[in-house]
2 protein chains.
Amino acid sequence: MITLYDCATAPSPRRARIFLAEKGVKYDCKQVDLRTGEQLGPEFRAINPRCAVPALVTESGDVICENVAIASYIEEIHPEPPLMGSTAIERAQVLEWNWRCEFEGLSAIAEILRNTSPHMKGRAMTGARNVEQVPEFGARGKERLGYFYEDLNERLEKSAFIAGDFYSLADITALVAVDFSAWVKSSPDACLKALAKWHKEVSARPSSKS
Amino acid sequence: MITLYDCATAPSPRRARIFLAEKGVKYDCKQVDLRTGEQLGPEFRAINPRCAVPALVTESGDVICENVAIASYIEEIHPEPPLMGSTAIERAQVLEWNWRCEFEGLSAIAEILRNTSPHMKGRAMTGARNVEQVPEFGARGKERLGYFYEDLNERLEKSAFIAGDFYSLADITALVAVDFSAWVKSSPDACLKALAKWHKEVSARPSSKS
């Protein structure tokens, strides 16, 4: 059985949990306590030297630590239901929109949180190194998150789901981003109606409770 | 024939050019002049509303604009030689390392350049919107780029190429990052011997001239 190193309250491993739930894949789940810095200790460092969750250990013992890579691996060994598209162009569109939801959405929110929260002092970046906060990153993060939401809303005015007319990895990443943004009081403006409608729909899927 | 909207001097489209050269795929190449802001004009905006290169137009007229998505599409329609791995775990490792080379490498260099170059005033982010520079981002970018090089060197002490014992998309992204970093006087330190050896080898491939 595969093993997922997880933290129930963190956004990044939630992406993997929702993906696995949509696939109906069973896995052994191990919690890593980020509040006490367990991810920086020798035991977890031996699993993922980058000291971040999620980390997925395959049945052969290989370790995969980035969400897009975890999704690609699970999609190959459990193809149904497809969550990364069914044709070459669909697969490209899923990767493209997933990239945008990650670079423009999730990373902006992480930038705000890690550079402004008193709990994140000296931990302004994910990973093994301690990096000092730069408060200006909070304002930049909010600016680019606002642009991301505008673009996402425009997309969802024309498309049922983010990558096309099918639910995919890109919707999972965007859902996690929107929910995570509430932590830094940066949820999408209610005037972004298409985004709000989509968020209600994807939140109603049982996997969203993961 | 596919069409690549390109800018001969820019790092992002170079990733697509090298990938296409390794595949031996012929394409129609259209230059977009970033120096005069052609990417912001109505003609190119109709191709890619995000006003960035590369943009690949498929034979069916679909437009793909992110490198990982362009690579995935080309890999499917021209499978040989494989540049994204040959097994489920290899494909995951290519995506994971490509992600790292992009998030931790290329994006750090772009952060330095766009927030410190006098030519980039008001253009601190790629895309349709004007965003003001924050000089502090230059220092943070240099800090995280240094960590990325350390990690890459450590990886290359154990592995012939970045994602494993085969040349892949991850090597292309890292090569473009290392070459691009010279623009901001942030090339890897010469003491990172494994990284230097790898750079010499991948630079010797004919595709690197793309």
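Note on naming: letters A, B, ... go to the chains in the order of the sequence lines (proteins, then strands), and numbering restarts at 1 for each one.
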Practice task
I would like to know whether B:Glu143 and A:Val131 meet side chain to side chain contact (heavy atoms under 4.5 Å, CB included); could you show each step before the answer?
Solution key: CA-CA 9 Å; B:Glu143 181 177 6; A:Val131 172; 3.8 Å; yes
Exercise for the section: Start with the C-alpha distance between A:Arg140 and B:Glu136, add both sets of side-chain angles, then the distance that settles salt bridge (Lys or Arg N to Asp or Glu O under 4.0 Å), and finish with yes or no. Expected result: CA-CA 11 Å; A:Arg140 168 72 71 81; B:Glu136 287 82 356; over 6 Å; no
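- Between chain B and the residues A:Asn98, A:Asp151, A:Thr87, A:Thr58, the most heavy-atom pairs under 4.5 angstrom are made by A:Asp151.
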Practice task
Show your reasoning for whether side chain to side chain contact (heavy atoms under 4.5 Å, CB included) applies to B:Arg91 and A:Glu75.
Solution key: CA-CA 11 Å; B:Arg91 279 185 277 272; A:Glu75 181 91 346; over 6 Å; no
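- In this structure, chain B has heavy atoms under 4.5 Å from both the backbone and the side chain of A:Glu96.
- Using a 4.5 Å heavy-atom cutoff, the side chains of B:Glu66 and A:Phe103 are not in contact.
- Under a cut-off of 6.0 angstrom, the local environment of CD in A:Glu43 is sparse, with at most 12 non-hydrogen atoms contributed by other residues, nucleotides or ligands.
- Heavy atoms closer than 4.5 Å to chain B are found in the side chain of A:Ser107, but not in its backbone.
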Exercise for the section: I would like to know whether B:Arg129 and A:Glu150 meet salt bridge (Lys or Arg N to Asp or Glu O under 4.0 Å); could you show each step before the answer? Expected result: CA-CA 12 Å; B:Arg129 282 96 168 186; A:Glu150 282 174 22; 3.0 Å; yes
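- With chain B as the partner, the residue from A:Ala71, A:Ala92, A:Ala124 showing the most heavy-atom pairs under 4.5 Å is A:Ala92.
- Most heavy-atom pairs under 4.5 Å with chain A, from the set B:Val68, B:Asn67, B:Ile89, B:Val94: that is B:Ile89.
- Proximity to chain B is absent for every atom of A:Glu90, based on heavy atoms less than 4.5 angstrom apart.
- Ranked by non-hydrogen atom pairs under 4.5 Å with chain A, the options B:Pro49, B:Ala88, B:Ala128 are led by B:Ala88.
- With respect to chain A, the highest number of heavy-atom pairs below 4.5 Å among B:Trp97, B:Trp99, B:Tyr73 belongs to B:Trp99.
- Highest contact tally toward chain B, considering only A:Cys65, A:Ser60, A:Ser72, is held by A:Cys65 [criterion: heavy-atom pairs under 4.5 Å].
- Neither the backbone nor the side chain of B:Ala139 comes within less than 4.5 Å of any heavy atom of chain A.
- Proximity to chain B is limited to the side chain of A:Glu76, based on heavy atoms less than 4.5 angstrom apart.
- Of the residues considered (A:Arg144, A:Gln93, A:Glu132, A:Arg50), A:Arg50 shows the highest number of contacts with chain B, using heavy-atom pairs under 4.5 Å.
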